Amino acid sequence: MTTDFRTSTAEGKVNFVNVYDLEKAASLVIPTGAFGYISSGAGDMWTLEQNTKSFNHKVIAPGVLRNIENPDQSTTILGQKISTPIIMAPVAAHALANVQGEAATCKGVAESDTIYTVSSYAGQTYEGMRAASGDAPQWFQFYMSKNDDDNIKILDLAVKNGAKAIVLTADATVGGNREIDLRNGFTFPIAMPIVASYQSGVGQTMDAVYKSSRQNLSYKDIEFIQKHTNLPVFVKGVQTAEDAEAVIEAGADGIWVSNHGGRQLDGGRASFDSLEEVAEAVNKRVPIVFDSGIRRAQHVFKALASGADVVAIGRPVIYGLALGGSEGVKEVFDYFKNELKMVMQLAGTHNIEEIKNTKLRKNEYM
């Protein structure tokens, strides 16, 4: 990290009622440029806003007299049992929010007994994140270099540090129109050790960072990653049935439905509005991860009922990190777990499989 960048040093309990309150509080402790980068989206931020609003396109019908006191929200993905169907999404440069950075996030996610997804653009070393996670499962989100020698070194690093899956991000070959970053003059004050062979990170805009990675991604990259790592590969950024079918035919082991949190193509579909279409095309052939816009456990429930196997959260965790370090991270997961328990009870579902078999209704008031 550069010496002129200062952000939160918090570690401890965080008092908040919901994620929206958490975001407001985090905006007071994260520097303006960094908070703009974390919280904003592309262009007019219409797609970012629709990501959360779109969950209202479907409603949950309550289920009664189902004999439910303690619903079980544990689940399994790729053979890994986790305490909740909520995992950590890949997010760059956590030290923008708290000086402890990814190490604190890893610790909080591990204590929540779920999966942490390491970002290629992390601000700490892979070894440091692995140590902070202990034996907890990690996946690795991969931005490919233009140089395959670099790619092999990075993939070797992921394998060496025990990654259980590789997540190929396919929707960020260039940066979206991040106007708030332009207004704030934001560039990264933090180095990116994992991709140091081709990208320093320091002083770069997000668009420059993306353009330093491979832009001409193709289906062949799935096979390249699989052959070199012998690990399952998720393709992240899928939003249509056509793309889902194509990447499965190319050998993908999983689909990650996402619009990058509304940070890439403004005017594109809300991620939740894409999920059912993708899930129908996948037809349970491979697992589906979903992200973008989740702020309530009702959103988690609706995503699972629409075809996701697990969901991933990003910004809420970073806000918890800013306000409470590793304990704040765990509190965010506890918040979602506690609210999901309530939603499951009121919806009449005993476990995650029953959520997946739940039929949502169309919102008749829209």
Side-chain angles (χ1 to χ4, degrees), residues 13-22 52 54-89 108-117 136-137 139 254 256-257 271-272 275-276 279 282 284 286-317 320 327-363:
K13 185 173 177 59
V14 181
N15 292 314
F16 65 99
V17 173
N18 60 37
V19 168
Y20 304 104
D21 293 344
L22 197 68
T52 297
S54 65
F55 288 105
N56 291 329
H57 295 166
K58 296 181 181 179
V59 296
I60 305 167
V64 300
L65 301 178
R66 306 288 178 86
N67 189 25
I68 301 172
E69 184 176 3
N70 292 301
D72 178 12
Q73 60 181 275
S74 66
T75 191
T76 300
I77 186 164
L78 297 182
Q80 176 72 52
K81 186 173 181 180
I82 49 180
S83 66
T84 177
I86 307 166
I87 70 172
M88 179 65 199
V109 173
E111 290 175 350
S112 301
D113 190 22
T114 189
I115 295 166
Y116 180 91
T117 309
W139 294 352
W256 193 309
V257 177
S271 194
F272 182 65
L275 177 57
E276 187 173 10
V282 171
K284 304 187 181 198
V286 298
I288 295 175
V289 181
F290 169 86
D291 77 32
S292 299
I294 292 171
R295 298 295 182 270
R296 293 281 189 184
Q298 290 92 326
H299 303 159
V300 175
F301 187 102
K302 290 178 182 181
L304 296 173
S306 298
D309 291 289
V310 299
V311 305
I313 55 175
R315 289 184 179 98
V317 178
E327 189 169 342
V329 169
K330 185 176 183 300
E331 284 191 76
V332 170
F333 279 93
D334 287 344
Y335 162 81
F336 276 101
K337 286 180 179 180
N338 291 334
E339 192 170 68
L340 183 58
K341 177 182 177 181
M342 177 267 292
V343 175
M344 290 176 71
Q345 286 176 292
L346 295 178
T349 51
H350 295 83
N351 52 50
I352 301 305
E353 197 58 36
E354 289 188 7
I355 297 178
K356 291 180 181 179
N357 290 323
T358 297
K359 181 180 179 182
L360 301 178
R361 269 61 171 183
K362 182 179 178 181
N363 185 346

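These numbers were taken from a predicted model, which means no experiment stands behind them.
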Quick one: pull up CD in Gln80 and OG1 in Thr75 and give me the separation to the nearest 0.5 Å. 11.0 Å

With heavy-atom distances below 4.5 Å as the criterion, would you say the side chains of Ser271 and Val257 are in contact? yes

Got a second to check how far Thr114's OG1 is from Ile82's CD1, nearest 0.5 Å? 4.0 Å

Just list the side-chain donor-acceptor pairs under 3.5 Å for residues 304-315, sequence neighbours left out, or say none.
from: Ser306; atom 1: OG; to: Lys58; atom 2: NZ; distance (Å): 3.3
from: Ser306; atom 1: OG; to: Lys302; atom 2: O; distance (Å): 2.8
from: Asp309; atom 1: OD1; to: Lys356; atom 2: NZ; distance (Å): 2.9
from: Asp309; atom 1: OD2; to: Ile288; atom 2: N; distance (Å): 2.7
from: Arg315; atom 1: NE; to: Ile38; atom 2: O; distance (Å): 2.8
from: Arg315; atom 1: NH1; to: Gly261; atom 2: O; distance (Å): 3.3
from: Arg315; atom 1: NH2; to: Ser40; atom 2: O; distance (Å): 3.0
from: Arg315; atom 1: NH2; to: Gly261; atom 2: O; distance (Å): 3.2

Does this structure show an ion pair linking Glu327 with Lys13, if we count only N-O contacts that are shorter than 4.0 Å? no

Is any side-chain heavy atom of Trp139 closer than 4.5 Å to one of Val289? yes

In a check of side-chain contact (heavy atoms from CB on, under 4.5 Å) between Ile115 and each of Ile87, Ile86, Leu78, which one passes? Ile87

So do the side chains of Phe301 and Leu346 get within less than 4.5 Å of each other, counting heavy atoms only? no

Could you give the distance from NE2 (His299) to CD (Glu339), rounded to the nearest 0.5 Å? 8.5 Å

Kindly indicate whether the side chain of Arg66, heavy atoms from C-beta on, has any atom under 4.5 Å from the side chain of Thr349. no

Starting from the C-alpha separation in whole Å, work towards a yes-or-no answer on side chain to side chain contact (heavy atoms under 4.5 Å, CB included) for Gln73 and Ile352. CA-CA 6 Å; Gln73 60 181 275; Ile352 301 305; 4.0 Å; yes

Correct closest heavy-atom pair for Arg296 and Asn18 would be NH2-ND2, 3.6 Å

Check for a donor-acceptor pair, side chain of Lys337 on one end and backbone N or O of Ser112 on the other, with a separation under 3.5 Å. yes

CG on Asn363 to CZ on Phe55, rounded to 0.5 Å: 14.0 Å

In this structure, CG of Asn56 is separated from CD of Gln298 (nearest 0.5 Å) by 10.0 Å

Contact between Pro85 and Ile355 at the side-chain level, heavy atoms closer than 4.5 Å - yes or no? no

Close side-chain approach of Tyr116 and Val329, heavy atoms under 4.5 Å: no

Output, in order, the C-alpha distance, side-chain angles, deciding distance and verdict of side chain to side chain contact (heavy atoms under 4.5 Å, CB included) for Phe333 and Val317. CA-CA 8 Å; Phe333 279 93; Val317 178; 3.8 Å; yes

Given Phe336 and Ile294, is the side chain to side chain contact (heavy atoms under 4.5 Å, CB included) satisfied, shown in steps? CA-CA 10 Å; Phe336 276 101; Ile294 292 171; 3.8 Å; yes

Shortest non-hydrogen contact from Asp72 to Ser74? OD1-OG, 2.7 Å

Would you give the length of the straight line joining atom CG of Asp291 to atom OG1 of Thr117, rounded to the nearest 0.5 angstrom? 9.5 Å

From the options Gln345, Met344, Lys341, select the one residue that forms a side-chain contact (heavy atoms from CB on, under 4.5 Å) with Ile68. Gln345

Evaluation steps, side chain to side chain contact (heavy atoms under 4.5 Å, CB included), between Thr84 and Val300: CA-CA 10 Å; Thr84 177; Val300 175; over 6 Å; no

Mind listing the closest non-hydrogen atom pair of Glu354 and Gly348 along with its distance? OE1-O, 3.9 Å

